[in-house]
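Notes follow the structure.
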Amino acid sequence: AAARAATVPAAVRAALQQEHVKMKNPERALAKIAKMIEGGADELLVISDFDHTMSRAYDEKGERCWTTHGVFDNAQEMADLAKKCKDLSAHYLPIEFDGNMTIEEKIPHMEAWWRQSHDAIVEKGVQREVLEKLVLNSNIRLRDAADSLMAHLDAARVPLVMFSAGIGDIISIFLAQRLGAVPSNMHIISNMMTYDDKKVVSGFREPLIHTFNKNGKVISKEEVNFFHEMRKRDNVILMGDSMGDLHMDVGVENHSEADTLKIAFLNQKIHLLDFYTANYDVVIVDDQSMTVPRTIMDAIT
Ligand code: TMP
């Protein structure tokens, strides 16, 4: 591993040696990157979370940025729906982060949260056009350099899987508005809406994806086929911001999770640092940019 790690370019080393970039085992992380550089763009697959990973957790003023579901919590034109979503968040968010509960104990609560929130959206009868307006006026923001990272991966024909427990339609509307179009290399695995013939949201497709089932269990047959097409790409980079993002690579065929380069963004919850570095190869602390991943991916492609 040491010999292999030595082949990593200086720019990548410098990026990883920054004060706010934490690694428990730098040599192992560098060895994974070195193997990916050898494999190049043709063997690379990137899997990323969206909310507060591809998008910012905080804006320049230190205000919390919205998640994809957050557009409903903040929908002033639909005060009843906004109140319902806010009340649900107030009840369930403490459960999501409860240090005294196991994931198994949390799962039924997360399902209940997502289902009630989705039912409320469907009941409200939200039109696609209204959704687009909500997203346009939202405080969902891309991380700095995220647009150039996505453009770079697209140009290098590296598939980018956006694996999100948020709402897939909000992600694609947001990217179309901010980038002009959803990049052609992108594959979104998320909660997708269905519409009636008047373009009113009529439901959400199954399986439901929540924070703690973002793994092989929720991927549909379509997704299995997608990962089958990707089977030659066994250099996998995973990016997330929560412990629930750790196993987003489970759907990758013939792939050992131990080979994945796992990069986390730790936003403010600094007390979790040891926990994050024990599980992620690279932990980027309070940095609202994609600069570090971009430097690594530049070296590979
Ligand atoms: P993710 O970052 O793993 O994709 O998780 C999505 C986040 O969305 C999770 O922290 C809970 C949050 N959420 C809301 O803010 N409002 C909602 O209505 C729901 C269902 C989830």
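Whatever order the structure lists ligands and atoms in, that order sets their numbers, starting from 1. Excluded from the calculations below are hydrogen atoms, water molecules and symmetry mates; all remaining heavy atoms, backbone and side chain alike, are included. Count residues from 1 along the sequence.
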Donor on one side chain, acceptor on other, H20 and D287, under 3.5 Å: yes

Polar side chain donor-acceptor pair, E257 to T260, under 3.5 angstrom: no

Test of proximity, G70 against ligand 1: N or O pairs below 3.5 Å: no

D298/R294 salt bridge by N-O under 4.0 Å criterion: yes

Residue part near ligand 1, for D49, under 4.0 Å between non-hydrogen atoms: side chain

D73, any N or O under 3.5 Å of ligand 1 N or O: no

Basic-acidic side-chain contact under 4.0 Å: E129, K133: no

Any N/O pair E96/ligand 1 closer than 3.5 Å: yes

Contact check, K214 vs ligand 1, heavy-atom distance below 4.0 Å: yes

Closest approach of any protein heavy atom to atom 12 (C) of ligand 1, naming residue and atom: W113 CH2, 3.9 Å

Subset of ligand 1 atoms that lie under 4.0 Å from at least one heavy atom of T67: 15 (O)

Note: R141-E60 ion pair, threshold 4.0 Å (strictly below): yes

Those atoms of ligand 1 less than 4.0 Å from some heavy atom in G166: 4 (O)

Electrostatic pair R56:D144 at N-O distance under 4.0 angstrom: yes

Ring geometry between H69 and H118 (parallel below 30°, tilted from 30 to 60°, perpendicular above 60°): parallel

Residue part near ligand 1, for S117, under 4.0 Å between non-hydrogen atoms: side chain

C85 touching ligand 1 at heavy-atom level, < 4.0 angstrom: no

